[in-house]
Colleague: 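I have a structure I would like to understand better, so I am pasting it below and will then ask my questions one at a time.
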Amino acid sequence: MRETIIDKAMTFAERTFRDDYSGHDFDHTIRVYKMATRLAEAEGANLKIVQLAALLHDVDDAKLSPETCENKDKARKFLRENGVPAEVEEQICTIIGEISFGGTGGVKPRTIEGMCVQDADRLDAMGAIGIGRAFAYGGSHGRAMYDPEIPPRENMSEAEYRKEGSPTLNHFYEKLFRIGAMMNTDEAKKIARIREAYMREFVQRFLDEWEGRDL
Ligand code: ADP
Ligand code: NI
């Protein structure tokens with residue numbers, strides 16, 4: 001059977017992340033792809049645009065590829081080499097530019113396709129996977145899980161958000177409990193409510209266990 005451009009984008013993303021030191025972001029990309037597809041089907045959005053944007057959304061990520069981040073060079077090169085028309089390339093790169101969270105909450109995408117990809121990317125920071133990712137990130141950055149002496153920060157700038165140091169449990173208050181309210185699509189709002197409740201229960205239990213006061 002002929003390989004579709006979606007298959008090729010998957011292979012391209014896999015190869016891009018395999019060459020990278022962090023190594024694990026292909027799994028994130030595939031989860032975002034699956035969730036974005038589900039949201040796009042619920043919303044009647046253009047599937048091909050959503051799926052390509054989901055698969056390419058992190059290949060020019062600022063942390064992994066700072067030199068190509070501004071112009072999305074890797075995504076553009078892939079799309080051009082596969083005969084994607086210039087206006088579709090533009091739509092996809094606009095979506096990729098819109099979806100990042102940063103410290104300030106990012107921008108609201110202009111298209112339903114962008115909304116599906118942004119929601120899918122944000123949902124992957126929530127729930128059981130979100131909890132796992134937060135502690136994996138914290139561990140790899142040498143952070144404490146929790147420190148009652150260091151309170152969570154409010155209204156951070158992008159630079160403050162990226163700054164090292166804050167214990168992982170603070171990240172729940174600084175980001176993870178906030179993104180549910182930022183979902184664009186109805187389907188994502190429903191999923192976010194369940195994932196947020198699960199994370200809040202997790203944090204409550206964590207704090208109870210920290211003090212040895214759980215039942
Ligand atoms: P994005 O690229 O979508 O803005 P990030 O790169 O900031 O997301 O985060 C990637 C993953 O790492 C997410 O699951 C996020 O919750 C987690 N993460 C980011 N910053 C922290 C932090 N300070 N502490 C714990 N987890 C974090
Ligand atoms: Ni992402």
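Just so you know, ligand 1 is whichever comes first in the structure, and atom 1 is the first atom listed for that ligand. For this chain, numbers begin at 1 and follow the sequence in order. Computed from a predicted model, the values in this text were never measured in an experiment.
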Colleague: Specify whether His141 and Tyr137 have parallel, tilted or perpendicular ring planes, treating 30° as the upper limit for parallel and 60° as the lower limit for perpendicular.
Modeller: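 Plane angle under 30°, so parallel.
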Colleague: Just which atoms of ligand 1 are under 4.0 Å from any heavy atom in Asp121?
Modeller: 3 (O)
Colleague: Is it true that Glu41 and Arg38 make a salt bridge, defined as a side-chain N closer than 4.0 Å to a carboxylate O?
Modeller: no
Colleague: Measure from the Ni ion (ligand 2) to every N/O/S atom of His57 and report the name of the nearest one.
Modeller: NE2
Colleague: Would you mind finding which of Lys175, Gln118, Met145, His171 brings a heavy atom closest to atom 16 (O) of ligand 1?
Modeller: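 Looking at heavy atoms only, His171 sits closest to atom 16 (O) of ligand 1.
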Colleague: Between Lys63 and ligand 1, which residue portion shows a heavy-atom distance shorter than 4.0 Å: side chain, backbone, both, or neither?
Modeller: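 Just the side chain.
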Colleague: May I ask you to decide if Met182's main-chain N or O and Arg122's side chain share a donor-acceptor pair within less than 3.5 Å?
Modeller: yes
Colleague: For the Ni ion (ligand 2), give me the closest N/O/S atom belonging to Asp58, just the atom name.
Modeller: OD2
Colleague: At a 4.0 Å threshold, what atoms of ligand 1 neighbour a non-hydrogen atom of Arg133?
Modeller: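 Matching atoms, with element in brackets: 10 (C), 11 (C), 13 (C), 14 (O).
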Colleague: Any ion pair linking Glu90 and Arg76 (charged N to carboxylate O, less than 4.0 Å)?
Modeller: yes
Colleague: Please give the atom name: the N, O or S atom of Asp121 nearest to the Ni ion (ligand 2).
Modeller: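 The Asp121 atom nearest to the Ni ion (ligand 2), restricting to N, O or S, is OD1.
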Colleague: Nearest 0.5 Å please: distance from the CG atom of Asp61 over to the OG1 atom of Thr68.
Modeller: 9.0 Å
Colleague: Should side-chain heavy atoms under 4.5 Å link Ile, Leu, Val, Met, Phe, Trp and Tyr, which residues sit in the same cluster as Ile194?
Modeller: none
Colleague: Strictly under 4.0 Å, does any heavy atom of Arg143 approach an atom of ligand 1?
Modeller: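 True for this residue.
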Colleague: Could you tell me, atom by atom, which parts of ligand 1 come under 4.0 Å of a heavy atom of Leu176?
Modeller: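 Near Leu176, the atoms of ligand 1 are 16 (O).
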Colleague: Considering only residues two or more places apart or on different chains, which pairs with a residue in residues 29-73 satisfy ring pair (Phe, Tyr, Trp, His ring centres under 6.0 Å)?
Modeller: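 Residue pairs passing ring pair (Phe, Tyr, Trp, His ring centres under 6.0 Å), neighbours aside: His28-His57.
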